[in-house]
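Below: the structure, in C-alpha cells.
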Amino acid sequence: MINTNLKFWRRELGLTQAQMAEKLTIKRSLVGAYEEGRAEPKLTTLVNMARLFGITLDALVTTDFSKKSVAKAAMRHLDPALQVPEPPRPADRLRVLALTVDKDQNENIELVPLKASAGYLNGYADAEFIEELPKFRLPMLGSGGTYRAFEIEGDSMLPIASGTVIVGRYVDDWLTIKDGTPCVVVSGKEGIVFKRIFNRLKQGAMLSLHSDNPVYSPYEIDVEDVLEIWEAKAYISSTFPIADLSLNRLASIVLDLQQQMTTLKKA
C-alpha cells in the first residue's frame, strides 16, 4: 500500500525520485526501494511523507490513492484526508519537517541552542542535523502537534529575557495564524526570531513582526523568505521576570489593598 501511494503522490506532485528523496531528506535509492516494495520506510519518514502529501498518516498506510485518481472530482465529498490537493498557490510551498522519536515512538522536542542557530537555517530539514540536537519531552503539552524549542537572545520581547527557551508548536498552515500570536519565525534573512505575528499573507504575501519591547519598531518580512513558523506555547527560563513597580502599578496595588480593607470592615 505504501509503495503504490508513494509512487502515486510523487507523480501527482510532478517529482522525480531524486527530487522526492531531497524533500524527504533520504537517499534516492531508498525512494526506489520503497516504491518497489523492497524496503519499508521508518516512522519518521512516513510522517514526513504524510506532511509532504498533505494527508493523514493513517490515510497514507490504509488507503490506495492510485484507485481514486480517476474520480478526483467526486473525492471532494469524501473525508478530507482522502482528497487529492489542488495545485499549490504561489504563497504555498511544500515544507518537509524533520523530527525524531523516542523508543516508544513519541515525538521528541528538539532544542536549538544559540550556538546551533546558524546551522539550523541550513539543517532545519536535514534529518541527520535534527538527530544531533539535544532532545527532551514536556508531558503537559500533550500529543497534539509537533514541538521544537529555541533559545532566544536580545531584549525585544521583554519581560521574556535573553537566553530563554521558547517551546513552539509547528504551524503548517500559515494563513491560520491570528494577529498578535507570539511565534518563533525561522527565515533566511532574519534567522531565528521570537516576535508577535500580524498576518498580511492575503493582502500582500507578507508577515508583520512586532516586538513586545516598544523600543523596537515592527517590520515586515516576505513570506518567500520564511522557512518555518512555530507558535509559542511555553517558555523555560532561569531568569524570573522583573516586577513592574512603576508609579501607576504601585498606585493600582494600593487601591486594591484599600478596597480589600473596606470589604473586610463591612464584613
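Note that these values count all heavy atoms, side chains included, but never hydrogens, waters or copies made by symmetry.
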- Any pair with a residue in residues 176-191 that passes salt bridge (Lys or Arg N to Asp or Glu O under 4.0 Å), sequence neighbours left out, goes on the list, sorted by first then second residue, please. Asp179-Arg200
- Query: To the nearest 0.5 Å, what is the distance between CD (Glu151) and OG (Ser117)?
  - Reply: 7.5 Å
- Just checking, is any N or O donor in the side chain of Gln17 or Tyr34 under 3.5 Å from an acceptor N or O on the other one? no
- Message: More than 12 heavy atoms of other residues, nucleotides or ligands under 6.0 Å from CD of Gln203: yes or no?
- Response: yes
- Say you draw a straight line from CG of Asn213 to NE2 of His210; how long is it, rounded to the nearest 0.5 Å? 14.0 Å
- Item | Test item: Asp126 side-chain N/O and Glu128 main-chain N/O as donor-acceptor pair under 3.5 Å | yes
- Note on the structure: To the nearest 0.5 Å, atom CZ of Arg169 lies from atom CZ of Arg148 at 15.0 Å
- Message: Quick check: closest heavy atoms across Leu121 and Gly188, and the distance to 0.1 Å?
- Response: CD1-O, 4.4 Å
- State whether the side chain of Thr63 and the backbone N or O of Leu60 hold a donor-acceptor pair below 3.5 Å, judged by distance alone. no
- Arg10: which of Met49, Gln19, Met20 passes side-chain contact (heavy atoms from CB on, under 4.5 Å): Met20
- Task: Can you see which heavy atom on Gln105 is nearest to which on Val101, and at what distance?
- Result: OE1-CG2, 3.7 Å
- Task: Measure across Asn5 and Ala59 and return the closest heavy-atom pair with its distance rounded to 0.1 Å.
- Result: ND2-O, 4.1 Å
- Task: Determine whether Val186 and Met206 fall in the same hydrophobic cluster, where Ile, Leu, Val, Met, Phe, Trp and Tyr are linked whenever their side-chain heavy atoms lie under 4.5 Å apart.
- Result: no
- Message: Are Phe65 and Phe53 an aromatic pair, judged by ring center distance below 6.0 Å?
- Response: no
- Task: State, to 0.1 Å, how close Asn199 and Trp174 come at their nearest heavy-atom pair, and which atoms those are.
- Result: ND2-O, 3.0 Å
- Message: Are Val47 and Leu13 linked, directly or through intermediate hydrophobic residues, by side-chain heavy-atom contacts shorter than 4.5 Å (ILVMFWY only)?
- Response: yes
- Message: Taking side-chain contact (heavy atoms from CB on, under 4.5 Å) as the criterion, tell me which of Leu111, Val112, Leu114 meets it with Phe150.
- Response: Val112
Which pairs of donor and acceptor atoms, one on a side chain in residues 153-166, lie under 3.5 Å apart (sequence neighbours left out)?
{"residue": "Asp155", "atom": "OD1", "partner": "Tyr216", "partner atom": "OH", "Å": "2.4"}
{"residue": "Ser156", "atom": "OG", "partner": "Lys195", "partner atom": "NZ", "Å": "3.2"}
{"residue": "Ser162", "atom": "OG", "partner": "Gly154", "partner atom": "N", "Å": "3.0"}
{"residue": "Thr164", "atom": "OG1", "partner": "Ala161", "partner atom": "O", "Å": "2.7"}
{"residue": "Thr164", "atom": "OG1", "partner": "Ser237", "partner atom": "OG", "Å": "3.4"}

- Note: Gly123 and Phe129 closest approach over all heavy atoms is O-CD2, 3.3 Å
- Check ion pair Lys233-Glu231 (N to O, under 4.0 angstrom): yes
- Note on the structure: To the nearest 0.5 Å, atom CZ of Arg137 lies from atom CG of Asp102 at 5.5 Å
- Message: Are Phe198 and Leu201 connected into the same hydrophobic cluster when the rule is that any two of I, L, V, M, F, W, Y join if their side-chain heavy atoms are below 4.5 Å apart?
- Response: no
- Salt-bridge criterion met for Glu35 and Lys7 (N-O under 4.0 Å): no
- Hydrophobic cluster identity match, Leu15 and Trp9, side-chain contacts under 4.5 Å: yes
- With Tyr147, which of Leu138, Asn108, Leu141, Leu99 fulfils side-chain contact (heavy atoms from CB on, under 4.5 Å)? Leu141
- When Phe194 is tested against each of Asp212, Ile152, Val185, Leu209 for side-chain contact (heavy atoms from CB on, under 4.5 Å), which residue passes? Ile152
- Message: Please tell me whether Tyr219 and Val215 are part of a single hydrophobic cluster in this structure, the criterion being side-chain heavy atoms less than 4.5 Å apart.
- Response: no
- Quick one: closest heavy-atom pair of Leu133 and Lys135, and the distance? O-NZ, 2.9 Å
- State whether a side-chain donor-acceptor pair under 3.5 Å links Ser211 with Arg196. no
Scan the side chains in residues 36-43 for donor-acceptor partners under 3.5 Å anywhere in the protein, sequence neighbours excluded, and list what turns up.
{"residue": "Glu36", "atom": "OE1", "partner": "Arg38", "partner atom": "NE", "Å": "2.6"}
{"residue": "Glu36", "atom": "OE1", "partner": "Arg38", "partner atom": "NH2", "Å": "3.1"}

